[in-house]
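Here the structure comes first, spelled out in structure tokens, and everything after it is commentary.
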Amino acid sequence: MIDLRAIGAIARADVLERTRRYQYVASIVVTLVIGTLLVPGRGAGYETFLIDGYRGVYNSAWIGATFALLTSFMLALFGFYNIKSAVQRDRETRVGEIVASTSIGRFDYTLGKALSNFAVLGSMTAILFIVAGVMQFVRSENAALDLSQIALPFAFIVLPSIAITAAIALFFEVVPWLRGGLGNVVYFFAWIGYLVWSFKGSGLSVPWWRDAYGGNLVLREVWSSLRSVDPHATLNSVEIGAGGETARHLFVFHGFSWSAADVAGRFAWFAVAVAIVALAALVFDRFANPAVSTDRRSRNRIANRWHAAAERVLRPILDLFFPGNFGALVLAELRLLVGGLSIWWYVVAAGFFIAQIPAQAKAQSIVVGLAWIWPMLQWSQLGTRESVFSTEQLVYPTLHPIRRQFVAQWLAGVLLALATAGGSLIHWAVAGNVVGVEGIVAGAFFVPTLALACGALSGTTRLYEIVYLMLWYVGPMNRTTFDFTQGAYAPGYAIATCILFALALAARRVRLAIA
Amino acid sequence: MELQIDGLNKHYRSVHAVRDFTLELGTGILGLLGPNGAGKSTLMRMLATVTKPSSGTIRLDGVNAVTSPDALRRTLGYLPQDFGIYPHLSATEFLEYIGALKGVPRRALRPRIEHLLEVLNLSDVRSRALGGFSGGMRQRVGIAQALLNDPRLLIVDEPTAGLDPEERLRLRTLLAEMATDRIIIFSTHICSDVESIATRVAIVDHGMLLADEVPARLAPGSVSLEDAYLRIVAGARKAAA
């Protein structure tokens, strides 16, 4: 039988615990700032929602549609990573063991945690709802505030979307292999894949189950309104998010015409969310498996031999550059970074390495990109390992914890980047292409430095995982100006690396000061 | 009230953590003694229904707790060895949360929390965030949560860890008072903790039950419990070698 009081207690305690952390305050501030950016002024140089050069006049209907669309998408992605810690917290704090000894049912527990996820995302939604109303006055293109035109899209588009995000985040936490960084990667690609499928060949009329985030519904309504203004407008150029194109024309959007089927389709997602929570309850181990990590290293003799061989090669080189036993420290950090990995990890990394050598110049970005997504979960440890494994009290009092240990950790990350992109270095060196080599070297410094800075600033692996995944997707995979493997952008990334490194050092200094 | 443990085993891959453990318990305090890594915590996790045994049964008043754990859970108080807290909740909020999970009726919960905070000397800090608590204070919060539902079966794993001598004495007295009508299983590797209050002592090593006796028989005359414990463990290890 469902115990509503216990479910409420779980959700309440979890919400209180989360909302009293400084990370929550930071995320609310970020939400506020992003909210103001969703309604750019005329000279801002970007738009957040544009169809064929058209943008709606900033009335309540347009602001409601834009905020609903973008809030739904943002919280589905960033919100997921923000809230995916409800069960993990009980594992890490070991409160879970006490919970497991009570008579609380699996479904009650998972539902309570999912409700907490929903409440946290709901609080961000509420902030954005208020910002939406305020921004209409700030931009003052239309001063007539119609709250229902803002509230209904939030209620029908955003709330089901965050319900599904809350449930999926919970599900990812109870499935052992989706719990960590791999799950973050899987979600990123699954989410992008779903969105592409959602819009693909839809003709803007898709069944409700292909539109979890309501994007199609918003686009359909806005498009229908736009067609009545300009029958020649096309859907070939739709911009959602902060694009560089600015509006060529304005039109007046009069709001949604909610049909019963639309509303029912949106609310069906609440039922799907409950079904996902029920599925999670079936999988949930009720903390029966303590976080025991078997000593994989002892089983991984081939990897151990590889480490020993690498040390024999790297040690004299490092000793040449660094006096004392700093080289040994770098190697120790490298061992921490890649130690205990399955032999298959090395096999795949070697495969990418070899593939880079003959790859054509045009394909280099993609091959190096693949080689550099593979060690992402290793880099994400940089700057976070001490807080994740609670070793601050052991590491911080050591000799020069920043100048030696922190820098050694960073260098280990750089060595890993250089090693995994070694095939590309060989490729460009053989071709005599200095710019190509510069691109790889700049990228090899940039990627782990980004990890170090994100880790030192946030204390968790997630910030890096999401920032890097997005940068990786729009950069090497789509060969845009964000491609950090391209020699042409090497100077920019070298500067970015310096800034990030300085940020990382500052963040570590603060942590040392307050530890 | 009777707890029957019959042929309990627990395997973690190649590690046989608990081996053919059989014991029958009535009301009173069982002091569970054993060196580090002896399998005490694994045994307690199974008795607390947190983890399932690989084989064997646990019966409380005849009800199999392995297949039907809820009956035992309703009457259980459990303090794990390494338990956690939510650092941003106050002691009262945390106990309200655990109380709701344990199904303590709302009306009874608040006075019960007040009583336990008083008994465990936490009244003055009831509204402070748990993250700022000392190790001993956290341990007392852990003990409070275990006692919230006035459990008939109380399992406490190393409850005196981090407590100062005065608090240790206070806890021992509290447990001794409670033991008249309930089963208390008290795990430790500090002999003096159980010597004064245990009605029975079980010695465990390598997951096996080596001895199960009243303290007077285990350590007769001038022999201390610690000496008896060391002799039994050393004897068992010698025999195994």
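Given the structure is predicted, the values throughout are model-derived calculations rather than measurements.
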Among residues 137-154 of chain B, residues within the sub-4.5 Å heavy-atom range of chain A, in order of number, are Gln145(B)

Are there residues of residues 22-34 of chain B that reach to under 4.5 Å of chain A by heavy atoms, and which ones? none

Stepwise side chain to side chain contact (heavy atoms under 4.5 Å, CB included) check, Thr102(A) with Arg73(B): CA-CA 5 Å; Thr102(A) 69; Arg73(B) 283 172 181 161; 5.9 Å; no

In terms of heavy-atom contacts, does [atom1] of [X] have more than 12 from other residues, nucleotides or ligands at under 6.0 Å?
X: Glu2(B); atom1: CD; result: yes
X: Arg128(B); atom1: CZ; result: yes
X: Arg5(A); atom1: CZ; result: yes
X: Asp181(B); atom1: CG; result: yes

Ile7(A), part contacting chain B, at a heavy-atom distance under 4.5 Å: neither

Heavy-atom distances under 4.5 Å only: say whether Arg18(A) touches chain B with side chain, backbone, both or neither. neither

Test item: [X] and [Y] side chains (from C-beta on) under 4.5 Å apart, heavy atoms:
X: Arg94(A); Y: Asp82(B); result: yes
X: Thr93(A); Y: Ile85(B); result: no
X: Val99(A); Y: Tyr97(B); result: yes

Do Asp90(A) and Tyr86(B) have side-chain N/O donor and acceptor atoms under 3.5 Å apart? yes

Which region of [X], side chain (C-beta onward) or backbone (N, CA, C, O), has a non-hydrogen atom less than 4.5 Å from a non-hydrogen atom of chain A, or is it both or neither?
X: Ser90(B); result: backbone
X: Pro87(B); result: both
X: Val15(B); result: neither
X: Leu76(B); result: side chain

Leu101(B) CG to Tyr109(A) OH distance, which is reported to the nearest 0.5 Å: 9.0 Å

I need the Ile104(A) CD1 to Lys102(B) NZ distance, nearest 0.5 Å. 12.5 Å

Looking at Asp3(A), Ile10(A), Leu16(A), which makes the most heavy-atom pairs under 4.5 Å with chain B? Ile10(A)

Residue selection (most heavy-atom pairs with chain B, distance under 4.5 Å) from Ser103(A), Ala100(A), Ser101(A), Ala9(A): Ser101(A)

Within the side chain of Arg45(B), is there an N or O that forms a donor-acceptor pair under 3.5 Å with the backbone of Glu97(A)? no

Arg20(A) side chain vs His88(B) backbone, donor-acceptor pair below 3.5 Å: yes

Residue selection (most heavy-atom pairs with chain A, distance under 4.5 Å) from Ala48(B), Gly103(B), Gly84(B): Gly84(B)

